[in-house]
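Below is one structure; the comments refer to it alone.
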Amino acid sequence: MALSCASAEDVLKTIKDEKVQMIDLRFTDLPGVWQHFSVPPSALDADALDAGIGFDGSSIRGFQEIQESDMLVVPDPTTAFLDPFTTAPTLVLICNVRDPVTGQTYTRDPRYVAQKAETYLKSIGLGEAAYFGPEAEFFVFNEVRYGQGINYAMHEIDSKEGTWNTGTKEAPNLGHKPRQKEGYFPVPPVDSMQDLRTEMVLTMESLGIAIEAHHHEVATAGQAEIDMRFTTLTRMADNLMMYKYVVKNVARKHGMTATFMPKPLFEDNASGMHVHQSIWKASTNLFHGTRYAELSDLGCFYIGGLLRHAWALCALCAPTTNSYRRLVPGYEAPINLVYSQRNRSACCRIPMYSANPRAKRVEFRSPDPSCNGYLAFAAMLMAGLDGIQNRLDPGQPIDKNLYDLPPAEAKEVKSTPGSLEQALDALEADHAFLLRGDVFTKDVIETWLSYKRDKEIDAIRLRPHPYEFHLYYDI
C-alpha cells in the first residue's frame, strides 16, 4: 500500500497506525540490484531516521573496501510503502547511503547520482524537471536450471507457453503456444499470462505506481511488458526498482520465475527498455516546437547529445555482456544511431501518437532492463543536456526501414557497440559530460569500469556461456 509520509514523524505515526511489525531498509548497489536489511520498530526512532542506520558497505558490490566498511543508510520518508508480499506487516523505506566519517552522501550511491542530475538540470537554468518513462520488458518462465562445474556447463529454460513444447505430453497439451516472434498482442488462450500481468499491475498501482498498459510481447515463452506512466527522474528510478520487485514476487507467488535478463532465449526477441524522456519548465514541455516531428530546437539538440554519446551511454544503459546478444541486426534491435518519427528501427524515435504538446518526447531505444535505472537515466539526461549546451546537430532524420537499406546507404549509418568491452572503452574515453556538476564523479566511473571488466567480462572469458546466464538471470 502506498503511504503519504513527508517526515520522520510521519513515518513513526504510520508505524503505529498500521501496526507495522518490521521496517525494511532498501538501497541499490552499483550494478543496480536492491539490497536490504530489516529492523523492528523498537530499533527505530526519529533520530535514527534522520541520522541513518549503520551497515557493512564492504559487502556491497561497487561500494567500500573492508578497511572502510562502516556506512549509513538514511531513509527517504517520501518513499514509504507497505510491502505486499511479507507475512508480517512490513514498512519499506528506500534509502540514500551516507559516509559516517565525512557526513556526506556517498558518491557511489546510485540514487544520489540521480538526485544530483536533477539538481544540475535546475542549476543551469534549462528546465525545472526531467521526465522519464521506461518500457521495461521481461520474461516469465515456469522453470530455470543452470549450473557449471569442472566437468560440465549447462542452462535450461522451460515455459508452458514455449513453442518448443507443442509436442510435449501435458495431460492434456491444448496447443495455443505463440510461435517465435509471434507473441505480440494475441488474446487468451494464446496469451496465458493476462491474469498474472493484471495482478502485477494492480499490485504496482496499490504501491502508488501509475500504469498505462500491459501486454504480451513479441517472443514466445511468456515475454511481457508493463508500461509505467512517466514521472521525474529519481522517482522513476525508484519506481523501476519497485516494478522489478513486484514482477518477480508475483511470478514467484504463482510458482513461476521472472527475469529482466536482456536475451535469455536464442533466436527470438530480447527484452529492451525503451526510455521516453522530456524536459519541462513549469507547465511547458520544452521539447515541443516547429521543427521536424514537431520538436523544438532544444529537443533536437537533446537527440544530438544522445547520438553523440551513444557508445558511452551503452556502457551504463546496456551494461551486461548479454545486452550485446540483443544489440545485433534483426529482432527489432535498436542498433542504428539515427533519429526518426514513428520509426522503431531508429535508436531515437519521436512518437507521433498525439498532437498534444504535452506528449512530445524522445524515445531512446538502446537501453535494456539489466541497467541500473538511477545511473542510466542520469547519464541519458547528462548526454542530452550536453547536446543542448553545445547545440549538437543530430543530422538528418531517416524515415526508412533501416534494416532494409541498400548496402551503400547502410554503410553511412553508424551502429551501437558490438560488445560490452567496446562500450566500456567508449565510456573511458568519453565521460567528461557526465562529470559536469559533480553528477558522476571520477570514482564512480573508475569503479564502474573496473567492476564490469574484472567481475563480469574477465569472469565470462574464463568460463563458457552458461556462466553469463548465472551472472545475469536474476537481474
Side-chain angles (χ1 to χ4, degrees), residues 31-32 134-141 144 146 155-159 161-164 178-185 193 197 214-227 240 243-244 247-248 251 257-275 310-311 313-337 343-349 363-373 376 402-403 415-423 456 460 465-475:
E135 299 174 350
E137 299 167 348
F138 56 93
F139 280 87
V140 181
F141 300 127
V144 174
Y146 50 92
H155 78 266
E156 184 175 349
I157 295 166
D158 203 10
S159 166
E161 272 198 5
T163 188
W164 57 84
R179 292 185 290 268
Q180 288 173 267
K181 299 175 73 68
E182 293 186 19
Y184 199 67
F185 279 22
M193 298 188 181
R197 293 194 309 271
H214 75 81
H215 59 84
H216 202 290
E217 257 298 339
V218 176
T220 188
Q223 191 183 29
E225 177 178 316
I226 298 172
D227 295 336
L240 181 61
Y243 175 106
K244 291 181 177 182
V247 165
K248 290 178 181 180
T257 178
T259 181
F260 292 87
M261 183 179 184
K263 186 79 169 180
L265 294 182
F266 181 58
E267 292 189 334
D268 208 341
N269 280 45
S271 291
M273 189 178 76
H274 311 145
V275 182
W311 275 49
L313 287 177
C314 280
L316 294 161
C317 299
T320 64
T321 54
N322 189 257
S323 300
Y324 299 87
R325 314 282 187 238
R326 168 184 176 249
L327 291 177
V328 296
Y331 307 102
E332 298 185 14
I335 62 171
N336 299 293
L337 296 178
N343 188 349
R344 284 174 168 78
S345 63
C347 81
C348 285
R349 184 177 78 97
E363 177 193 37
F364 189 46
R365 295 174 62 81
S366 298
D368 68 57
S370 69
C371 73
N372 182 331
L402 293 158
Y403 303 131
S415 295
T416 51
S419 68
L420 180 58
E421 293 99 318
Q422 289 182 344
E456 298 187 9
I460 289 171
H465 175 71
Y467 189 69
E468 178 183 67
F469 199 87
H470 173 79
L471 273 179
Y472 301 134
Y473 174 76
D474 201 37
I475 289 171

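Fair warning: this is a prediction, and the values are worked out from it, not measured in the lab.
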Query - Side chain proximity check, Y184 to N269, heavy atoms < 4.5 angstrom - result: no
Query raised in the report: Of the non-hydrogen atoms in T321 and L420, which two are nearest, and what is the gap between them?
Result: N-CD2, 3.7 Å
Report task. Indicate the atoms forming the closest heavy-atom contact of A221 with L265, along with that distance. Result -> CB-CD1, 4.0 Å
Report task. Measure the shortest side-chain to side-chain distance between F141 and P264 over non-hydrogen atoms and say whether it is less than 4.5 angstrom. Result -> yes
Requested in this report: Rounded to the nearest 0.5 Å, what's the gap from OG on S271 to CD on E135? Could you check?
Outcome: 12.5 Å
Requested in this report: Considering non-hydrogen atoms only, spot the tightest contact between Y467 and I460 and give its length.
Outcome: CD2-CG1, 4.0 Å
Report summary line: Correct closest heavy-atom pair for A136 and L240 would be CB-CD1, 4.1 Å
Requested in this report: Could you check E156 against Y146 for side chain to side chain contact (heavy atoms under 4.5 Å, CB included), going step by step and ending with a plain yes or no?
Outcome: CA-CA 6 Å; E156 184 175 349; Y146 50 92; over 6 Å; no
Query raised in the report: Any donor-acceptor pair under 3.5 Å linking the side chain of K248 with the backbone of D474?
Result: yes
Query raised in the report: Going by heavy atoms in the side chains, are P334 and L327 under 4.5 Å from each other?
Result: yes
Query raised in the report: Residues two or more places apart in sequence or in another chain: which of them pass salt bridge (Lys or Arg N to Asp or Glu O under 4.0 Å) with E456?
Result: K452
Requested in this report: Supply the atom-to-atom distance C347 SG to I335 CD1, rounded to the nearest 0.5 angstrom.
Outcome: 10.0 Å
**Report entry** Side-chain donor/acceptor of R365 to backbone N/O of A333, under 3.5 Å
**Finding:** no
Query raised in the report: Side chains of W164 and S159: closer than 4.5 Å at any heavy-atom pair?
Result: yes
**Report entry** Heavy-atom check, side chain of S366 versus side chain of L313, under 4.5 Å
**Finding:** no
Report task. Looking only at non-hydrogen atoms, find the nearest pair between L316 and C371 and report the distance. Result -> O-CB, 3.5 Å
**Report entry** Polar side-chain atom of D268 near backbone of K181 as donor-acceptor pair, under 3.5 Å
**Finding:** yes
Query raised in the report: Given E217 and F139, is the side chain to side chain contact (heavy atoms under 4.5 Å, CB included) satisfied, shown in steps?
Result: CA-CA 9 Å; E217 257 298 339; F139 280 87; over 6 Å; no
Query raised in the report: Backbone N or O of T163 within a donor-acceptor pair of the T220 side chain at under 3.5 Å?
Result: yes
**Report entry** From CA spacing to verdict: side chain to side chain contact (heavy atoms under 4.5 Å, CB included), I475, M261
**Finding:** CA-CA 6 Å; I475 289 171; M261 183 179 184; 5.6 Å; no
Query - Student check: side-chain heavy atoms of P319 and D368 closer than 4.5 Å - result: yes
Report task. Could you tell me whether a side-chain N or O of E137 sits under 3.5 Å from a main-chain N or O of G272, the two making a donor and an acceptor? Result -> yes
Query raised in the report: So, the side chain of Y472 versus the backbone of K263: is there a donor-acceptor pair under 3.5 Å, distance only?
Result: no
Query raised in the report: About how many Å separate CE of M193 and NE2 of H215, when rounded to the nearest 0.5 Å?
Result: 14.5 Å
Query raised in the report: Looking only at atom types and distance, does a side-chain atom of Y324 sit under 3.5 Å from a main-chain N or O of Q422, one as donor and one as acceptor?
Result: no
Report summary line: Sorted by chain and residue number, the salt bridge (Lys or Arg N to Asp or Glu O under 4.0 Å) partners of E468 (sequence neighbours excluded) come out as R325
Requested in this report: Sequence neighbours left out, what passes ring pair (Phe, Tyr, Trp, His ring centres under 6.0 Å) with H155? Give chain and number order.
Outcome: H465, F469
**Report entry** Identified side-chain hydrogen bond (donor to acceptor under 3.5 Å, both in side chains) counterpart of H216 within the set E225, R197, E161
**Finding:** E161
Query raised in the report: Will you find, in the side chains of N322 and T320, an N or O donor that is under 3.5 Å from an N or O acceptor?
Result: no
Report task. Check the pair S323, S370 against side chain to side chain contact (heavy atoms under 4.5 Å, CB included), reporting the backbone distance first and the verdict last. Result -> CA-CA 8 Å; S323 300; S370 69; 3.6 Å; yes
Query - Check: Y473 main-chain N/O paired with T259 side-chain donor or acceptor under 3.5 Å - result: yes
